[in-house]
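Inspection log for the structure reproduced underneath, given as structure tokens.
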Amino acid sequence: EKRSKATIIDTITADLKGKSSFQSHVVEIIADESSHITYITVQHYPQHVRHFSTKNAIVGKEAAVNWVDGVLGSSVTQSTITTMLEGEGAATQNFGLFFGDMEDRFDLAVQAIHASSHTKSRMLTNGVLAGKAKATYHGLIKVQPFAVGCDGYQKENTLLLSEDAVIDPVPVLEIHNDDVTCSHGTTVSDVDDEKMFYLMSRGLDETTARHSVVEGFFEQIFKEIADDTAREDVKNIISMKIKGVC
């Protein structure tokens, strides 16, 4: 409804006793004028699960829908988040994190469609891949011809912990008028030697220093998880995964 506010925390896991499983997940949000919705997802399925997720939002005048999306489990994940900014002054922020190891396969897509003037989108995703994990990230900001004065930004950062891990980032700007401010970028790196040297010079052993660098890589996303319990759950899951691969 108009001028309403809500924060929704969606924790997804399963105890399927080792049986191969397909899990689907569909979310639809309609945000009326001046409403403010935050949707936090923490997905931590076991390895024998294949997960397919679709999230859609329609955002009205001066309303905002913010996503925090954590992909931390399953052997295969295909996830698409689409936000349609339909009302003038509508806004969205999408903060994503993923952590893949072994032979995980992630196909992640985030889309913001500026269908009205003076709308704003921000998309930031940080991910870590280890083992033989592979991921594809598709980011799209689309501005319609009649939507003027729009502001869009997207950035995807990946940290690779092994030579066999692979990331394929595909950031796209589809702009149909000149009166916009839009940008995109990606980074792909391994653990920084200078950071390791600094931490070890301060007395940390190599393993602890490496864990600290990887955890710090997600810190910017952690800050966007407004709920304390959800934030600690994500940190604990990531800490366990780091110990398993570093």
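Values below: every heavy atom of this structure, side chains too, minus hydrogens, waters and symmetry copies. No experiment lies behind these values; they were computed from the predicted model shown.
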Between Trp67 and Tyr39, how do the two ring planes meet: parallel, tilted or perpendicular, split at 30° and 60°? tilted
What do the steps show when you test Ile81 against Val27 for side chain to side chain contact (heavy atoms under 4.5 Å, CB included), and what is the final call? CA-CA 9 Å; Ile81 300 175; Val27 175; over 6 Å; no
Connected via hydrophobic side-chain network under 4.5 Å: Val166 and Phe99: no
Between Met102 and Lys132, is there a side-chain heavy-atom distance shorter than 4.5 Å? no
Intermediate values then yes/no, side-chain hydrogen bond (donor to acceptor under 3.5 Å, both in side chains), Gln78 and His51: CA-CA 6 Å; Gln78 197 286 323; His51 179 222; over 6 Å; no
Ile141 vs Met123 side-chain heavy atoms within contact, under 4.5 Å: yes
Looking at Ile167 and Phe98, what are the two nearest heavy atoms and their distance? CD1-CZ, 4.2 Å
Are Leu160 and Phe106 grouped together when hydrophobic residues (ILVMFWY) are joined by side-chain heavy atoms under 4.5 angstrom apart? yes
Examine the side chains of Thr181 and Asp151 and answer whether a donor and an acceptor come within less than 3.5 Å of each other. no
Would you find a donor on one side and an acceptor on the other, under 3.5 Å apart, between the side chain of Ser117 and the backbone of Ala147? no
Met200 with Leu161, same ILVMFWY side-chain cluster at under 4.5 Å: yes
Check the hydrophobic clustering (I, L, V, M, F, W, Y; side-chain heavy atoms under 4.5 Å; chains of links allowed) and say if Val128 and Val191 are grouped together. yes
Partner of Asn157 by side chain to side chain donor-acceptor pair (under 3.5 Å), out of Thr186, Thr125, Thr187: Thr187
Using the side-chain hydrogen bond (donor to acceptor under 3.5 Å, both in side chains) rule, take Gln111 and Thr80 through it: C-alpha gap first, then chi angles, then the decisive distance, then the call. CA-CA 8 Å; Gln111 304 174 136; Thr80 302; over 6 Å; no
Is there a donor in the side chain of Thr119 and an acceptor in the side chain of His114, or the other way round, less than 3.5 Å apart? yes
Do Ser34 and Lys2 have side-chain heavy atoms sitting under 4.5 Å apart? no
Chi angles and distances behind the side chain to side chain contact (heavy atoms under 4.5 Å, CB included) call for Leu159, Ser189: CA-CA 5 Å; Leu159 187 64; Ser189 63; 3.8 Å; yes
Salt bridge (charged side-chain N to carboxylate O under 4.0 Å, His left out) between Asp69 and Lys55, worked out: CA-CA 10 Å; Asp69 198 59; Lys55 301 184 183 75; 2.9 Å; yes
Are His44 and Thr11 side-chain neighbours, meaning at least one heavy-atom pair lies under 4.5 Å? no
Quick check: do Leu129 and Lys134 have side-chain heavy atoms less than 4.5 Å from each other? no
Taking atom types as modelled, find out whether Glu224 and Asn66 have a side-chain donor-acceptor pair closer than 3.5 angstrom. no
Is there side-chain contact between Asp227 and Thr7, with heavy atoms separated by less than 4.5 Å? no
When you look at Glu194 and Phe197, which way does the side chain to side chain contact (heavy atoms under 4.5 Å, CB included) test go after all the steps? CA-CA 5 Å; Glu194 290 187 5; Phe197 177 80; 5.6 Å; no
Kindly indicate, with the supporting measurements, whether the criterion side chain to side chain contact (heavy atoms under 4.5 Å, CB included) is fulfilled by Leu140 and Glu174. CA-CA 7 Å; Leu140 170 65; Glu174 188 176 330; 4.1 Å; yes
Is the backbone N or O of Asp104 less than 3.5 Å from a side-chain atom of Gln47, with the two atoms forming a donor-acceptor pair by type? no
Thr158 and Glu156: side-chain donor and acceptor closer than 3.5 Å? yes
Could you check if a side-chain atom of Gln144 sits within less than 4.5 angstrom of a side-chain atom of Ile175, using non-hydrogen atoms only? no
Are any non-hydrogen side-chain atoms of Cys150 and Lys120 less than 4.5 angstrom apart? no
State plainly whether one hydrophobic cluster holds both Val213 and Phe217, where clusters connect Ile, Leu, Val, Met, Phe, Trp and Tyr through side-chain heavy atoms under 4.5 angstrom apart. yes
Take His25 and Asp10 through the side-chain hydrogen bond (donor to acceptor under 3.5 Å, both in side chains) test and state the conclusion after the steps. CA-CA 11 Å; His25 184 225; Asp10 189 0; 2.7 Å; yes
Is it true that Glu206 and Thr208 share a donor-acceptor pair across their side chains at a distance under 3.5 Å? no
Could you tell me whether the side chains of Ser239 and Asn236 share a donor-acceptor contact shorter than 3.5 Å? no
